[in-house]
Amino acid sequence: MTGKLLALEWWMCRGRLAACVMVLALSGEALAEDNPRDPYEGFNRSMFAVNEAVDKYAAKPVAQVYDKAVPLAVKAGVGNFFGNAGDLWIGVNSALQGKFADAGTDLGRLLVNSTIGIFGLFDVASELGLERHDEDFGQTLAVWGVSDGGYLFWPIIGPRTARDTAGWAVDSYVDPALGMRPIAIRNSLAVLRFVDIRASLLPSDTVVEEAAIDKYAYIRDAYLQRRRNQVFDGRPPRLDD
């Protein structure tokens, strides 16, 4: 009799445990669906997993080789070159956002670095006190009142909002490096820029891995916070809880 009672209690405990697990799982799904910042979380997590695989087996190893093999001065020159190529479009976006003084600085940077800086290989403009800005068409759309449209994660491209995905498409269309011909040179420049950017992010990998219980959520929240700061030039209004 005692054995039967013990068995019955064991089955009841097992049933309660299973029920608790099911409730927690359903609660997690409900929270994911109700997250107003991430309405496409199921899709995003799938794309994040794809991106993690591509990064682990291709992008990160190539970036590590590049980081170790290429001298620091050369890496700095590569970053300066692509930064200089984007200064014109940054200036246009500054003007579209009504920041005409910043637009003048951006165009001044382009002129100085394209001449004295030898086609942008050297950032002479920063040494002269011409500050580099960080503007793109996604930020311009935000200033014009376009809502973010929800968070999205794209393989290779990385985190974006729906608004910033559209902005990225426009930025890519007007990118002088992606408009170069012949096609082989354009593709080589695109790969070089991607590898250079990935190499610059290598130091942050350890921080993310150590700090994040949920790497996907950590990257999402960090991106959205950084993006909000960019849109408001580091002075975002306070959010109500």
Side-chain angles (χ1 to χ4, degrees), residues 59 62-143 157-160 164 167-168 170-180 185-186 188-208 219 222-236:
V62 172
Q64 289 172 325
V65 171
Y66 172 85
D67 188 53
K68 292 180 179 179
V70 178
L72 181 60
V74 175
K75 289 186 287 187
V78 171
N80 290 336
F81 173 80
F82 286 115
N84 185 65
D87 274 340
L88 176 60
W89 184 236
I90 290 173
V92 171
N93 279 289
S94 293
L96 291 174
Q97 295 172 33
K99 305 170 186 175
F100 299 109
D102 288 354
T105 300
D106 299 327
L107 297 178
R109 286 183 54 84
L110 177 65
L111 178 62
V112 170
N113 285 340
S114 296
T115 52
I116 303 175
I118 311 176
F119 302 106
L121 293 177
F122 301 95
D123 187 6
V124 180
S126 291
E127 299 295 329
L128 296 177
L130 296 174
E131 179 187 359
R132 168 169 282 166
H133 300 112
D134 186 11
E135 306 290 350
D136 54 55
F137 197 66
Q139 293 178 64
T140 298
L141 291 175
V143 172
I157 299 171
R160 294 286 190 279
D164 293 334
W168 173 84
V170 175
D171 293 337
S172 300
Y173 181 77
V174 301
D175 189 340
L178 296 182
M180 295 190 68
I185 293 179
R186 181 200 68 186
S188 298
L189 288 174
V191 171
L192 176 61
R193 176 160 54 183
F194 176 81
V195 172
D196 182 70
I197 293 174
R198 184 62 187 90
S200 71
L201 296 174
L202 288 173
S204 66
D205 288 350
T206 303
V207 176
V208 174
I219 291 175
Y223 171 80
L224 292 173
Q225 181 177 351
R226 176 176 180 271
R227 196 61 177 160
R228 181 174 170 78
N229 276 319
Q230 286 180 317
V231 169
F232 290 100
D233 295 326
R235 299 181 297 275

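The structure presented is a predicted model; accordingly, all values stated were derived computationally and were not measured.
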Atom CZ of Phe122: over 12 foreign heavy atoms under 6.0 Å: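 No - once you tally the heavy atoms of other residues, nucleotides and ligands closer than 6.0 Å, there are 12 at most.
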More than 12 heavy atoms of other groups within 6.0 Å of Phe232 CZ: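 Atom CZ in Phe232 is crowded, with more than 12 foreign heavy atoms closer than 6.0 Å.
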Working for side-chain contact (heavy atoms from CB on, under 4.5 Å), residues Glu135 and Trp89: CA-CA 8 Å; Glu135 306 290 350; Trp89 184 236; over 6 Å; no
Quick one: closest heavy-atom pair of [X] and [Y], and the distance?
X	Y	result
Ala59	Phe194	CB-CE2, 3.8 Å
Pro176	Ala85	CG-O, 3.3 Å
Phe81	Leu189	CE2-CD2, 4.5 Å
Ala177	Arg186	O-CG, 3.7 Å
Arg160	Tyr223	CA-OH, 3.5 Å
Ala190	Leu178	CB-CD2, 3.9 Å

Heavy-atom side-chain contact between [X] and [Y] under 4.5 Å:
X	Y	answer
Leu192	Val195	no
Phe137	Val92	no
Ile90	Asp134	no

Distance-only side-chain donor-acceptor flag, Asn93 / Gln139, under 3.5 Å: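 Gln139 and Asn93 do not have a side-chain donor-acceptor pair below 3.5 Å.
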Residue pair Gln225 / Arg228, side-chain donor-acceptor N/O under 3.5 Å: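 Short answer, no.
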Stepwise side-chain contact (heavy atoms from CB on, under 4.5 Å) test for Asn80 and Leu121: CA-CA 5 Å; Asn80 290 336; Leu121 293 177; 5.8 Å; no
Worked verdict on Asp102 versus Arg109 for salt bridge (charged side-chain N to carboxylate O under 4.0 Å, His left out): CA-CA 10 Å; Asp102 288 354; Arg109 286 183 54 84; over 6 Å; no
Verdict with reasoning, Asp87 to Leu107, per side-chain contact (heavy atoms from CB on, under 4.5 Å): CA-CA 7 Å; Asp87 274 340; Leu107 297 178; over 6 Å; no
To the nearest 0.5 Å, what is the distance between [atom1] on [X] and [atom2] on [Y]?
X	Y	atom1	atom2	result
Leu110	Thr115	CG	OG1	9.0 Å
Asn113	Glu127	CG	CD	10.0 Å
Arg132	Asn84	CZ	CG	7.5 Å
Ile157	Asp164	CD1	CG	12.0 Å
Lys99	Thr105	NZ	OG1	12.5 Å

Worked verdict on Asp136 versus Arg227 for salt bridge (charged side-chain N to carboxylate O under 4.0 Å, His left out): CA-CA 11 Å; Asp136 54 55; Arg227 196 61 177 160; 2.7 Å; yes
N/O donor-acceptor pair under 3.5 Å between Ser114 side chain and Leu111 backbone: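 The answer is no, because no donor-acceptor pair under 3.5 Å joins these two groups.
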Would you tabulate the side-chain donor-acceptor contacts of residues 63-72 under 3.5 Å, counting partners in other chains and residues two or more places apart, or write 'none'?
{"unit_1": "Tyr66", "atom_1": "OH", "unit_2": "Asp196", "atom_2": "OD1", "d": "3.0"}
{"unit_1": "Asp67", "atom_1": "OD1", "unit_2": "Lys75", "atom_2": "NZ", "d": "2.8"}

Trace of the side-chain contact (heavy atoms from CB on, under 4.5 Å) decision for Val231 with Gln97: CA-CA 10 Å; Val231 169; Gln97 295 172 33; over 6 Å; no
